[in-house]
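Notes for the one structure printed next.
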Protein chains: 2
Amino acid sequence: MRKSSDPIHMDIKEGKQKFIESWGKMASDWGINRTMAQVHALLLIAAEPMTADQVMSELDISRGNSNMNIRALMDWGLVHKQLRTGERKEYFYAEKDMWVVVRQIILNRKKRELEPMLKVLDEIAGVENNCPESESFCAVIRDIRKFSGKANQTLDALVKADVAWLGNPLFSLLR
Amino acid sequence: MRKSSDPIHMDIKEGKQKFIESWGKMASDWGINRTMAQVHALLLIAAEPMTADQVMSELDISRGNSNMNIRALMDWGLVHKQLRTGERKEYFYAEKDMWVVVRQIILNRKKRELEPMLKVLDEIAGVENNCPESESFCAVIRDIRKFSGKANQTLDALVKADVAWLGNPLFSLLR
DNA sequence: TTTTGTTTTCAAAAGTATTTGAAAATTCTG
DNA sequence: CAGAATTTTCAAATACTTTTGAAAACAAAA
């Protein structure tokens with residue numbers, strides 16, 4: 001008999017479902033395609049590499065959708081292809097080390113979004129500043145530019161740290 | 001005569017336009033309503049507080065849209081109301097200190113997205129782990145839980161640091 | 001209380017993003 | 001090379017998000 005104080009264990013199927021759902025939800029909150037994140041989640045928790053067809057039927061999406069999102073994940077460097085000798089089908093697996101995953105996501109978003117913004121801020125910073133009206137404007141732009149530059153540097157350091165410390169035994173403690 | 005080596009200065013109107021546009025673009029990349037970010041950008045670079053009507057005509061959006069997004073920005077704690085004695089209209093201004101702005105955004109997204117994810121991960125972590133299939137699953141969940149927990153702590157520290165160091169003269173150097 | 005100026009709401013319309021699925025392209029196999 | 005298996009593409013359909021604007025609610029002034 002189960003006492004009411006016992007923890008309630010969900011079964012594995014339920015757990016996987018819930019994880020795929022939340023991972024997708026979080027991604028779409030952050031401006032990333034929900035299905036792409038669900039494919040990612042599915043591959044993250046898969047014990048073995050999967051084919052595009054398996055992903056398609058597991059998530060109940062179309063063949064095209066499955067294919068396109070797997071490609072996108074490979075572009076992001078989060079998923080890789082595995083070829084098996086004697087088999088036509090392509091298998092896919094996700095990078096499972098969270099540190100590497102996060103590093104890869106940072107690299108991508110930095111390049112796609114932060115850096116273009118920095119470029120625009122630099123262009124704007126060249127605005128003529130000769131009237132009191134432009135003073136408030138330039139002050140804010142300078143402040144944002146400074147801040148974004150710092151953020152960019154910090155992310156660079158974070159990303160480089162990983163590479164430099166990979167061979168260092170101390171690094172495993174930090175992860 | 002302008003030499004081709006001279007820097008090209010854009011005028012202030014152009015600069016403001018460009019800033020509003022990029023701020024909106026960046027926000028929508030990150031899953032935030034573009035117009036909300038444009039209203040925010042407009043108020044960030046405004047020399048004086050503005051009415052909802054001024055925002056409406058400046059950005060060429062509807063009255064309802066202007067009103068709703070100003071409310072949303074107040075919910076996020078990024079914009080505040082100013083009441084002027086003898087005037088019916090409400091004026092709005094944005095917090096201009098970037099450190100405070102970023103802090104506020106972190107607080108909001110942490111509460112809205114990171115914390116619910118942590119809760120789900122904890123629920124999922126209670127899944128029964130007794131077969132090899134669930135082993136891979138549990139290992140990934142544990143890793144993500146650990147990572148997200150660390151991220152959450154780091155953000156807490158970042159946010160608390162601000163409050164604790166506000167009165168500290170050293171703090172101004174860090175900003 | 002009525003009028004007038006102002007803000008808020010929300011159903012419908014417009015605009016965006018995502019997904020589908022069938023056809024085309026590709027690649028392996030005999 | 002022809003045929004079979006598999007992957008890729010993309011126009012059209014669907015689903016989702018945002019915006020509009022007119023009406024309702026509200027609040028100050030007359």
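The structure displayed is predicted, hence computed values, not measured ones.
For B/Asp53, whose side chain is taken as the heavy atoms from C-beta onward, the closest listed nucleotide among D/dA4, C/dT7, D/dT19 is C/dT7. Comparing C/dT6, D/dT20, C/dG21 against the side chain of B/Lys89 picks out C/dT6 as the nearest. Taking the side chain of B/Met68 as heavy atoms from C-beta on, and the options D/dT20, C/dT7, C/dT19, the nearest nucleotide is D/dT20.
With hydrogens and angles left out, the side-chain atoms of A/Asn152 and A/Asp156 include no donor and acceptor closer than 3.5 Å. With hydrogens and angles left out, the side-chain atoms of A/Ser134 and A/Asn129 include a donor and acceptor closer than 3.5 Å.
Neither OP1 nor OP2 of D/dA27 sits under 4.0 Å from any side-chain N or O of B/Arg88. At least one side-chain nitrogen or oxygen of A/Asn67 sits closer than 4.0 Å to the OP1 or OP2 atom of D/dT8. OP1 and OP2 of C/dT18 both lie 4.0 Å or more from every side-chain N or O belonging to A/Asn69.
Contact annotation: side chain of B/Arg63 to base of D/dG21, donor-acceptor pair absent below 3.5 Å.
A straight line from CD1 of B/Ile61 to P of C/dT8 spans 14 Å, rounded to a whole angstrom. Across the protein-nucleic acid pair, B/Gln38 atom CD and D/dT18 atom C1' stand 12 Å apart, rounded to whole Å. Across the protein-nucleic acid pair, B/Gln54 atom CD and C/dT6 atom P stand 12 Å apart, rounded to whole Å. Atom CG in A/Leu59 sits about 13 Å away from atom C1' in C/dT19, given to the nearest Å.
If you check every strand for non-hydrogen atoms under 4.0 Å, B/Thr51 touches nothing.
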